[in-house]
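Single-structure report; data block below.
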Amino acid sequence: MNNALDKNYDAQTVQREMWELWEKANAFHAEPDASCGVRDAGCEDGQNANRTAHTAQRKPYVIVIPPPNVTAALHLGHALNNTIQDVLIRWRRMCGDNAVWIPGTDHAGIATQTIVDKRLQTEGKPALKDYKKLEAEGYAGREQFIALVQQWKDEYEATITNQLKKMGCSCDWERQAFTMDTVRAKAVREAFFQLFKDGLIYRGKRLVNWDPATQTALADDEVEMEEIDGHFWYMKYPLVKEGTEGLRDKGNEEFVTVATTRPETMLGDTAVAVNPNDPIRKHLIGRKVLLPIVNREIPIIGDEYVVIPDPESEDAKAKYASGFLKVTPAHDPNDYEIGQRHHLPVINVMAPDGTISDQHGWPPEDCAKGDAGFLLGMDRYEAREAIVEWFRKNDLLAEVKPYRHSVGHSYRSHVAIEPYLSDQWYVKVTDDRLRGAALRAMADGEGTEGRRDEGTKGKSGYEGQLRFTPERYAKTFRGWHENIRDWCISRQLWWGHRIPVWSQLHVTGHDLNHSGLLDYIDAEQKKSSPTVWFTYSDITDDDSVKKMLVPYVPGSTKRVRNRLGDTYNFHVCLRSDDSEWINKLETAGLVRDPDVLDTWFSSGLWPLSVMGWPEETAELAAWNPSSTLSTAREIITLWVSRMVMFNIYFRGCVPFRDVFIHAMIQDGEGRKMSKSLGNGVDPLDIIATHGADAMRFTLALMTTQTQDVRMPVERDAASGKNTSPKFDVGRNFCNKLWNAGRFAMEVLGESRDGGTKGRRDEVKERSLADRWILSRLARTVKAVDEALGAFQFSAYVQALYDFFWRDLCDWYLEAIKPVARTDTPEGEAARATLAACLDAVLRMSHPVMPFITEKMWTPAPGSPGRGRDRSIAGVELPGSELCINAAWPKVSQKLVDEDAERRWALMQEVVGAIRNIRNQYGVPPRQVVKVTIRVEGIEASVIGDCVELLKTLGGVEVCGIGADVAEPEGAVKATVGSMRVMIEGLIDPEAEKQRLGKRLAELEKSRSALIGRLNNKGYADKAPAHLVQQTRDQLAQVEAELASVGKMLKGLG
RNA sequence: GGGCGAUUAGCUCAGUUGGCUAGAGCGCCUCCUUUACACGGAGGAAGUCGUGGGUUCGAGUCCCUCAUCGCCCACCA
């Protein structure tokens, strides 16, 4: 390795070298320290006061990465989030914590499956459809397809890992996890089993968000609303004459008119509703209508959900409403609820692909009663047109109005969601053990109102432990849980954790008993740690639509035994892939559920599963709960919520203490970055053009608490890659740091003491410059600690920037140049101070710019670091081989020196005035000018002590300082507070006299013009007042300048 | 429709219990290749802090109104 820093900073080489150095040192790896966990250590103070560095008892600091989806490479948003996490981890590691950052990836069920399918299609290869066909024919199509997805996953997992490493992420790479690897699979099985056993997982027939394209159910939050230009169709349903039910009186018909945006669902109508408070229509409640096309007779019911029409209303619904609402329980969530309230039949008229069908809940005999046959097999949109056309032809279409409204679309396939009645598995998140616990977990009163069950006496280990930053996101979290519905967890996909349930539907108790299954299960369920658990629903005397699954307790197959004649849907959950049990179940005729789990089920377990749960590992004991979760706000509901509920449920504690919600990165126009817009930026591209440190620095600088980050994107002509000039800031900072380091090392290296001789000097001996810069250092360390503790990454970077560039480089380095290389006490002290400051800067910068700081740490003997202790009085900088492991600087606040700061500020002002004058008069940089300063009182002595500094920084020769120094002839003067700074020799008196004389003439001319105008009676009386005033003001200004110029002329003699 | 956030120099943003003569970076203008750095240095111009009210000795900061933009949630009559 070189002994000195190269002239130019080569980010790419440094990144490679430093990464190898860290890997060789195994610097990222941590082992759990069994003696203490986050949960014991952290409550009283999660942020600071963590100065137990290098002692035996280390506090854990744990971050579990939000696992990126293996669907695609990481983008800038990930770069931001992972920069934040790495900053925190590296900071805490340097503070002496046992810091660990656990990496991993997410299988991202539907997203990955869809992307792989799409790619296969575009490549013209056999795609999902074809494998489904194979599977149907018994040829293991499922396995083959999953193998292809696995390939994709391997590829992208490698890509993502590489990206994170290139960014410098100091994850414990030995602990890399994947949501679908064997350890995580075990956690998923255990969690599912426990929830199943505890009655928190049930099978329900409900309206789900059905994606007819991918043919799977979606969670509520996988549905995106899109504005659609649609129509309102007003359709007339003939009233059945009272007393003549079943007959249609062709001659003298009455109608009710329903309004709908979805005419095709009318096939499944089972009622028409009116508001019981509707004075005009309520009398029709109890009557019946004959549903056109289908000839189904359906009741008119009263339900307050119905909006009473009001054409004047601002509300679109009231404006468009007809007062009659068609009720289609199978195809609309609200109608479904109305149906439940009124015990209406549920008639599903569509197949899973969105075509009209009488095979999925519409009894063929009911369908055959009317004329609906021609619609069977039509796509829902075709059927819509056909039905509208039918109504038109039969003179039953009253009106059509255009209507813009939003419609749910699949976030994957982007087709409109069909509310669809189907059998799905649900987690009963509305249970107080899940939802209630999550609400109670929130800190600072957030969540305490959610505590409804006073029976839970006192705090139970998790309450009030969860804190959001920025705080406002606690509201999002709370609101979500208050309105949550049970969570549909089954997905009709192949890529995912397969649901560990074996079922037999419509089976009699006799059959179950006969196979001996009930005996096996009884025996197993009595064990303290059973492998199987069963539930059933009795479908004999109730339609399965309403019946939920009944979880059963040990020994209670009795009920089935007692009613062997009944028919059941029978479900058995297996805790593990126990082949003996699988054999028993399948012999008995049970079949494994083909569905997989919602991807969020496994990511919800992430903080547990990465620690090896359900095994009682040392990691689990020490590192769950973790310390901080850093994530994007769009994921608070999808992910954070579920982790909190699961962790509390399975382990009785929160999964993490702090949730930091970071900003979103948008493009220059405030749009989301996305592939379709082509405005996405690959972090690797930025690393190539600007360097990893520059990227991290810039991202951290832009991360404020309130604003999303706008990132103007440019296309680099040479590479064709997207980049942004925003990252120049970071690159420039790196460059500056590099060069300041080179300068310092040169100065320290030249001297015999290497900058260590003055280290034990006393404060009183320090020069003003030393006192001042150490005061600034003390303030900076404090500011940086506070910023990082409060997740204020921008403030952290800004404080570094100001101290290093503005104070250290612009002023201190320049100030000490004359003495820095001298073999004097002052020179020694300056070198020690410089070494300490730069060393501290490297340490403080390391979390955000790890590569360059590590590089600058190691190379030269005279340089900071290399195991060398750089401490000086009040500044603790113990030696360390590597920067990554160096102790975080500890600086005494006693170094804050307000007197030195005041003196320095005064000196800076004088220098500023001098420089201003020099610039204005075009004095060449090296030309020394003569300055005289008129100053009184204490300030006189302050400035008097700064003569050398003024000389160095202002390029002046000081001719006089004092209250009554004579004003030099022909001097240029400036006022600084009560001081007067005068520089002579800049003005050629004759030329200046001429210039001023000319100006004097101009001013006098304009003065007489203004006076003339004001003396004009007409003007003074008639012109608008403000104009007159303006003229007066102008005159006053001219007078003032005249006086000034006159004085100057007099001064020139 | 409900909620949250934003609106400060040409651009991107700071401004944490009300005291600001409102800051930074980029860009712009002038000067400078001086032996750490032109990815640099010195200086400069540039804002009635979205609108309209209110509270206060004092408001970018607190309250209300409106406008514009963004996000989240709800909703296929």
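Letters go in sequence order (proteins before strands), and every chain restarts at 1. Bear in mind the structure is a predicted one, so any value in this text is a computation, not a measurement.
- Contacts of Leu701(A) with the nucleic acid, taken as non-hydrogen atoms under 4.0 Å apart, are absent.
- Within the 4.5 Å cutoff, side-chain heavy atoms of Leu325(A) are placed close to those of Ile338(A).
- Taking atom CG of Leu699(A) as the reference point, atom P of C13(B) lies 14 Å away to the nearest angstrom.
- Taking the C1' atom of each, U56(B) and C66(B) are spaced 24 Å apart, rounded to whole Å.
- Here the separation of G15(B) from C62(B), taken at their C1' atoms, is 16 Å to the nearest Å.
- Comparing Val407(A) and Cys734(A), the nucleotide of RNA chain B nearest to each residue sits closer to the 5' end for Cys734(A).
- Remark: C1' of C39(B) and CZ of Phe804(A) are 13 Å apart, rounded to the nearest angstrom.
- In secondary-structure terms, RNA chain B builds stems of at least 3 consecutive Watson-Crick or G-U pairs, each pair having both distances under 3.5 Å, at B:1-7 with B:67-73, B:10-13 with B:23-26, B:28-32 with B:40-44, B:52-54 with B:62-64.
- A side-chain donor-acceptor contact under 3.5 Å links Ser794(A) to the backbone of Leu701(A).
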Once base and sugar-phosphate atoms are separated, protein heavy atoms under 4.0 Å mark nucleotides 18-26 of chain B, 5' to 3', with B, S and - as ------SS-
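- A cation-pi arrangement, defined by a distance under 6.0 Å to the six-membered ring centre and an angle within 45 degrees of its axis, is present between Arg642(A) and Trp487(A).
- Atom CD1 in Ile636(A) sits about 11 Å away from atom C1' in C71(B), given to the nearest Å.
- Of the charged side-chain nitrogens involved, none lies within less than 4.0 Å of a carboxylate oxygen, so that Asp785(A) and Lys782(A) do not count as a salt-bridged pair.
- Among the protein residues, Val306(A) comes within range of the nucleic acid bases, having at least one heavy atom under 4.0 Å from a base atom.
- Spacing of P atoms, C13(B) relative to G50(B), comes out at 15 Å, to the nearest Å.
- Nucleotide G41(B) holds its C1' atom 13 Å from the CZ atom of Arg918(A), rounded to whole Å.
- What separates CG of Leu325(A) from P of C75(B) is a distance of 15 Å, to the nearest Å.
- Within 4.0 Å (heavy atoms only), Tyr305(A) reaches at least one base atom of the nucleic acid.
- A distance below 6.0 Å separates the ring centres of Phe793(A) and Phe660(A).
- In terms of the side-chain contact (heavy atoms from CB on, under 4.5 Å) criterion, residue partners of Ala787(A) (sequence neighbours excluded) are, by chain and number, Gln792(A), Ala795(A), Tyr796(A).
- Taking atom P on both nucleotides, G60(B) is separated from G54(B) by 15 Å, rounded to a whole Å.
- Sorted by first and then second residue, the side-chain hydrogen bond (donor to acceptor under 3.5 Å, both in side chains) pairs involving residues 905-917 of chain A (not counting sequence neighbours) form an empty list.
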Just the table, please: protein N/O against nucleotides 31-38 of chain B N/O, every pair under 3.5 Å.
{"residue": "A36(B)", "atom": "O2'", "partner": "Asn739(A)", "partner atom": "OD1", "Å": "3.1"}
{"residue": "A36(B)", "atom": "O2'", "partner": "Arg742(A)", "partner atom": "NH1", "Å": "3.1"}
{"residue": "A36(B)", "atom": "N7", "partner": "Lys817(A)", "partner atom": "NZ", "Å": "3.3"}
{"residue": "A36(B)", "atom": "N6", "partner": "Glu814(A)", "partner atom": "OE2", "Å": "3.1"}
{"residue": "A36(B)", "atom": "N3", "partner": "Asn739(A)", "partner atom": "O", "Å": "3.3"}
{"residue": "A36(B)", "atom": "N3", "partner": "Ala740(A)", "partner atom": "N", "Å": "3.3"}
{"residue": "C37(B)", "atom": "O4'", "partner": "Asn739(A)", "partner atom": "OD1", "Å": "3.2"}
{"residue": "C37(B)", "atom": "O4'", "partner": "Asn739(A)", "partner atom": "ND2", "Å": "3.4"}
{"residue": "C37(B)", "atom": "O2'", "partner": "Asn735(A)", "partner atom": "OD1", "Å": "2.9"}
{"residue": "C37(B)", "atom": "O2'", "partner": "Asn739(A)", "partner atom": "ND2", "Å": "3.3"}
{"residue": "C37(B)", "atom": "O2", "partner": "Lys736(A)", "partner atom": "NZ", "Å": "2.9"}
{"residue": "C37(B)", "atom": "N3", "partner": "Lys736(A)", "partner atom": "NZ", "Å": "3.0"}

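- The same atom, P, is picked in C64(B) and in C28(B); the two are 43 Å apart, to the nearest Å.
- Looking only at distances, a side-chain donor or acceptor of Asp335(A) sits under 3.5 Å from a matching main-chain atom of Thr328(A).
- The separation between Glu482(A) atom CD and A74(B) atom P is 14 Å, rounded to whole Å.
- Nucleotides A46(B) and A6(B) place their C1' atoms 24 Å apart, quoted to the nearest Å.
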Derivation of the ring-ring contact (aromatic ring centres under 6.0 Å, His included) call for Phe324(A) and Phe255(A)
CA-CA 11 Å; Phe324(A) 296 99; Phe255(A) 297 97; over 10 Å; no
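- Comparing U8(B) with C69(B), their P atoms are spaced 15 Å from each other, to the whole Å.
- Salt bridge status for Lys236(A) with Glu399(A): absent, with no side-chain N to carboxylate O gap under 4.0 Å.
- The nearest whole Å value for the distance from the CG atom in Leu953(A) to the P atom in G43(B) is 11 Å.
- His331(A) places no side-chain N or O within donor-acceptor distance of the main-chain N or O of Tyr336(A), the cut-off being under 3.5 Å.
- Cation-pi check for Lys736(A) over Tyr801(A) is not met; the charged atom does not lie both under 6.0 angstrom from the ring centroid and within 45 degrees of its normal.
- At a threshold of 4.0 angstrom between heavy atoms, the contacts of Asp728(A) with the nucleic acid are absent.
- Between Glu337(A) atom CD and A74(B) atom C1' there is a gap of 13 Å when expressed in whole angstrom units.
- For Lys951(A), the salt bridge (charged side-chain N to carboxylate O under 4.0 Å, His left out) criterion is met by no residue, not counting sequence neighbours.
- Distance noted for atom C1' between C20(B) and C4(B): 29 Å (whole Å).
- Along RNA chain B, the nucleotide nearest to Arg384(A) and the one nearest to Tyr9(A) differ in position, and the one closer to the 5' end is contacted by Tyr9(A).
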